[in-house]
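What follows is one structure encoded as structure tokens, with my remarks underneath.
All figures in this text were calculated on a predicted structure; none of them were measured in a lab.
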Protein chains: 2
Amino acid sequence: MSDFGTLESRVRRKSLLKKVVKAEDTIEHFKSGMNLMWSGFTPAGYPKEVPIALADHVEKNNLQGKLKFNLFIGASVGAETEDRWATLDMIDRRWPYQTGKNIAKGINEGRIRMGDKHLGLFAQDAGYGFYTENGRYDIGIIEVSAINEDCGLALTTSCGIVAETINLCDKIIIEVNTGQPSFEGMHDIFMQYKPPRRQPFLITKADDRIGTSYVPCDPDKIVAVVESKRRDKGRAFSEMDDTSEAIADHILDFFAHEVKMGRLPENLLPLQSGVGSIANAVVGGLAKGPFSNLTVYTEVLQDTMLDLFDSGKLNCASACSLSLSEDPGFPRFFDNWEKYFDKIVLRPLSISNAPEPIRRLGCIAMNTPVEFDMYAHANSTLVGGTRMINGLGGSGDFLRNGYLKIMHTPSVRPTKTDPLGITCVVPKAPHIDHTEHDLDCVVTEQGLADLRGLAPKDRALKIINTCAHPEYRPILLDYFERAKKECLSKGIGHEPQLFDRCFKMQQNLATNGTMRIKNWDINIDLCE
Amino acid sequence: MSDFGTLESRVRRKSLLKKVVKAEDTIEHFKSGMNLMWSGFTPAGYPKEVPIALADHVEKNNLQGKLKFNLFIGASVGAETEDRWATLDMIDRRWPYQTGKNIAKGINEGRIRMGDKHLGLFAQDAGYGFYTENGRYDIGIIEVSAINEDCGLALTTSCGIVAETINLCDKIIIEVNTGQPSFEGMHDIFMQYKPPRRQPFLITKADDRIGTSYVPCDPDKIVAVVESKRRDKGRAFSEMDDTSEAIADHILDFFAHEVKMGRLPENLLPLQSGVGSIANAVVGGLAKGPFSNLTVYTEVLQDTMLDLFDSGKLNCASACSLSLSEDPGFPRFFDNWEKYFDKIVLRPLSISNAPEPIRRLGCIAMNTPVEFDMYAHANSTLVGGTRMINGLGGSGDFLRNGYLKIMHTPSVRPTKTDPLGITCVVPKAPHIDHTEHDLDCVVTEQGLADLRGLAPKDRALKIINTCAHPEYRPILLDYFERAKKECLSKGIGHEPQLFDRCFKMQQNLATNGTMRIKNWDINIDLCE
């Protein structure tokens with residue numbers, strides 16, 4: 001592993017070398033109830049040695065539920081850290097996004113208090129002192145590639161909320177990752193004042209650099225430096241399937257149409273793409289497609305972006321994190337370092353997800369919801385309206401501020417008993433994260449509904465007829481016609497709904513395992 | 001009326017004088033089905049002579065329903081124009097905000113197709129060509145104070161979407177308003193490119209000027225110039241009452257607390273304040289309160305702002321419109337012109353409501369919803385979830401992007417039969433315009449709930465116990481406890497709801513005229 005340089009070569013602020021300790025020696029700094037901030041974003045660049053040492057300590061000494069922390073991190077981190085912490089009952093509050101079966105269980109059973117927020121707003125508001133009593137945090141744990149002579153931190157695979165962390169935390173623990181190459185030079189850190197002294201972010205192209213490569217850190221705050229050789233446990237690649245390829249085809253056709261109409265330039269506009277199989281299919285389609293000189297301004301770069309670089313069609317990419325798979329993602333990246341390195345800028349969350357550059361650059365925002373309704377309200381977070389999956393993420397940052405705001409999902413999902421048991425196009429979304437005022441297009445494998453300029457009732461017809469699965473189309477049309485008739489006759493029909501049965505499909509799913517109801521009459525058994 | 005200068009003195013582009021016609025002579029330009037853009041914003045600075053002449057023409061010739069237009073205007077305009085047009089069945093599509101009994105009736109009975117959008121986004125997206133087939137509009141009608149030698153338009157009491165209008169419309173009709181002083185010099189017009197060529201808005205203080213005083217206009221597009229002496233039919237002043245004063249007191253106490261905690265500077269941050277009696281009470285409270293050197297960055301300036309100027313506590317104000325009452329607002333303004341003029345900047349809607357300056361300046365956003373729910377989702381537009389009042393306006397532009405995001409409402413409103421018939425704190429909002437991810441504080445006369453850092457279930461308890469009317473508190477707590485018990489036991493309880501009865505209060509209101517239900521059991525008569 002010495003290929004990547006020794007700890008001594010990475011820590012160029014020499015006075016810090018006397019603070020080098022083993023991970024388990026940092027445990028003394030932690031007390032139950034503390035507010036912690038970590039580096040890391042959508043699992044990349046998060047601390048590993050110290051969180052794992054703490055978990056081992058709790059497990060070994062039976063301290064489950066006795067050593068609990070409030071965790072504030074840019075987004076999710078690896079399952080070996082936060083999800084294991086959840087299993088060991090080590091988390092009280094968790095902001096603003098998470099991934100893992102056990103942490104989700106803790107949240108939905110009421111043991112973990114998760115707060116969900118637009119990621120860009122979280123980063124900013126944390127800096128404003130909004131999430132703790134006095135706006136301060138006890139300990140920050142930060143993974144770095146290197147520390148320069150001025151105590152500037154060169155980060156690793158993400159920037160997250162590190163710029164805020166070094167200001168808001170009383171103590172800082174550093175993990176220097178010597179198990180992989182140094183990412184020094186990939187980051188663009190712009191430190192912000194609070195209002196009324198905030199300044200513009202002068203980004204006018206996706207790869208513009210407006211700051212420095214290092215996060216300046218007060219060396220006196222650093223209480224420990226720990227060497228780490230553990231790599232990110234990145235997301236596995238989501239395979240494409242026919243459905244996601246059909247969705248990607250609709251989106252690429254739409255882009256071609258917009259170019260033809262003069263509403264998009266020939267190289268499109270900076271792309272923001274979410275995670276998962278549809279996002280992969282879109283990026284895969286672009287790698288084979290007619291558009292070149294593309295740029296990306298997004299929050300997470302995944303494996304498929306390497307394909308897009310390799311296709312020669314992507315000029316540059318800006319993100320908050322480089323979240324590749326352990327294999328083959330990172331090995332492929334490291335083997336072709338010089339091909340990718342200069343084309344990538346990693347930015348703090350407060351800038352990657354800020355409305356200002358997203359609007360100015362005119363990003364094309366694309367994200368997958370749980371479901372959307374016939375008026376284009378979308379649910380991104382709570383399955384069935386109450387059960388948290390991961391969180392809102394940056395979907396709202398991009399969907400509110402993009403040039404084109406697109407949500408894509410399969411039209412149906414299977415349940416245990418019905419392959420068409422769940423329709424992702426519903427009369428009314430049981431939880432709403434993005435409103436009808438935010439979305440331009442919704443897409444399923446059935447088609448793309450361009451909603452720009454449509455009033456609610458026109459929108460409903462377009463969505464049902466274009467996006468709903470044929471099995472659900474008549475059921476949804478029936479609901480819409482009934483709602484329209486009842487509301488218009490009373491003069492209350494701008495956006496018709498029937499509040500005694502708008503969630504009947506969801507109730508039927510909970511009771512009978514399918515949303516395929518026979519009709520919308522009340523008080524009769526509606527299950528197929 | 002000659003006090004204010006002749007038409008000749010106002011039209012300094014002399015070649016335009018030969019295009020001066022009477023309003024009725026412009027009728028020939030209009031054909032049914034045309035897309036029209038007007039100046040005007042929340043009724044200020046809108047064209048009057050031409051729209052009234054068209055209405056007279058329709059009325060006189062029984063052309064109701066035969067001469068219909070699609071109306072795109074920055075926001076609402078005076079009732080003598082759009083509301084009369086609605087009465088005469090002259091409107092097909094209407095974007096993105098309106099005011100008037102008859103236009104609302106047309107919308108809710110399905111005759112007028114209204115599209116509702118964040119105002120800041122509407123201005124921008126119209127400029128991108130999103131609302132008509134080819135992105136073009138037929139005729140723009142613009143009220144101006146004057147036209148300079150270079151055919152620069154000096155606007156009147158609002159900027160609205162004029163900068164977009166002069167580019168997007170094939171023909172322009174100008175109304176020169178000589179019935180009031182010229183507002184030349186009050187506006188700051190910054191013309192934007194489309195992405196990828198958009199540039200930063202370099203506004204770092206509320207009254208920074210970054211553009212020119214005039215909207216540059218191609219003289220060849222101008223097909224008619226009409227003189228107008230009609231003044232804006234501005235909003236009447238909303239009287240304060242005990243409820244709104246109690247709400248204002250809570251908000252001012254909160255500001256004092258935030259200053260003490262170091263989260264707000266002593267002169268606060270730029271204020272954005274909605275319309276109505278609560279907004280008036282807040283501004284009235286500020287005029288008497290301890291804070292000075294205040295600034296305002298908002299969309300509409302109303303009569304009470306004159307009080308705040310007169311108190312000596314307001315240094316400057318930026319808005320999209322100066323929307324004073326016909327009496328005493330405008331006469332008071334005109335009589336003290338030199339006292340106010342230099343302290344006011346009027347900006348295009350695409351800048352007054354843009355996320356970029358709102359976030360950078362750190363606005364304190366305050367708006368009144370129809371209702372909010374126990375998780376802090378708010379309904380701003382659709383009474384009962386389906387009936388349109390006015391529209392979203394700029395509430396989302398400011399609430400998503402402000403430094404502090406506050407919604408305020410009385411805790412209850414009366415119905416015909418029950419003085420406490422409507423609770424404005426409900427289990428689930430029947431329509432959602434602002435999500436839980438957007439609001440920091442909700443306020444009623446009962447108290448202010450500071451929600452920053454709270455997870456959903458903690459938020460629900462805080463909102464119910466702080467904001468709900470005592471009459472409704474036990475009913476809401478009962479619902480919350482039932483929902484919590486049922487959802488947590490199933491492991492689906494991040495944000496508990498009961499989908500078979502979450503709208504029971506609203507259904508009871510529709511059926512029985514009150515939201516005071518006896519309990520949450522299903523299938524029993526719940527009316528008091």
Measure from the side-chain N and O atoms of [X] to the backbone N and O of [Y], and report whether any donor-acceptor pair falls under 3.5 Å.
X         : Y         : result
Lys457(A) : Glu495(A) : no
Asn35(A)  : Thr132(A) : no
Asn267(B) : Leu294(B) : no
Arg359(B) : Ala354(A) : no
Arg136(A) : Leu168(A) : yes
Thr386(A) : Ile492(B) : yes

Residue, of [options], that accumulates the most heavy atom pairs under 4.5 Å with chain A:
options                                    : value
Pro200(B), Ala455(B), Gly115(B), Gly384(B) : Pro200(B)
His377(B), Arg459(B), Gln506(B)            : His377(B)
Phe503(B), Tyr131(B), Phe130(B)            : Phe130(B)
Pro430(B), Gly110(B), Gly129(B)            : Pro430(B)
Ala483(B), Ala510(B), Pro196(B)            : Pro196(B)
Leu361(B), Leu392(B), Leu264(B), Ile358(B) : Leu392(B)

Taking side chain as everything from C-beta outward and backbone as N, CA, C, O, which of these in [X] sits under 4.5 Å from a heavy atom of chain B? Side chain, backbone, both or neither.
X         : answer
Ile112(A) : neither
Leu451(A) : neither
Ile107(A) : both
Phe499(A) : both
Asp440(A) : side chain

Looking at [X] and [Y], does any basic side-chain N land under 4.0 Å from a carboxylate oxygen?
X         : Y         : result
Asp458(A) : Arg93(B)  : no
Lys428(B) : Asp373(B) : no
Glu356(A) : Arg360(A) : yes

Do [X] and [Y] have side chains that get closer than 4.5 Å, going by heavy atoms?
X         : Y         : value
Glu481(A) : Lys484(A) : yes
Lys405(B) : Leu121(A) : yes
Arg452(B) : Tyr128(A) : no

Looking at [options], which has the largest count of heavy-atom pairs under 4.5 Å with chain B?
options                                    : result
Cys487(A), Gly493(A), Gly362(A)            : Gly493(A)
Pro496(A), Gly385(A), Gly262(A), Ala104(A) : Gly385(A)
Gln507(A), Gln124(A), Arg400(A), Arg198(A) : Arg400(A)
Lys205(A), Glu109(A), Arg113(A)            : Arg113(A)
Gln199(A), Arg197(A), Arg501(A), Arg94(A)  : Gln199(A)

Side chain, backbone, both or neither of [X] within contact of chain A (heavy atoms, under 4.5 Å):
X         : result
Gln192(B) : neither
Ile432(B) : both
Asp450(B) : neither
Ile203(B) : neither
Gln497(B) : both
Glu133(B) : backbone
Met261(B) : side chain
Leu488(B) : both
Asp125(B) : side chain
Lys490(B) : neither
Cys502(B) : side chain

Search all heavy atoms of [X] against all heavy atoms of [Y] and return the closest pair with its distance.
X         : Y         : value
Gly491(A) : Asn108(B) : O-CB, 3.1 Å
Trp95(A)  : Lys117(A) : CZ3-CB, 4.0 Å
Ser380(A) : His434(A) : OG-NE2, 3.1 Å

(message) With a sphere of 6.0 Å drawn around NZ of Lys105(B), does it hold more than 12 non-hydrogen atoms of other residues, nucleotides or ligands?
(response)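 Atom NZ in Lys105(B) is not crowded, with 12 or fewer foreign heavy atoms closer than 6.0 Å.
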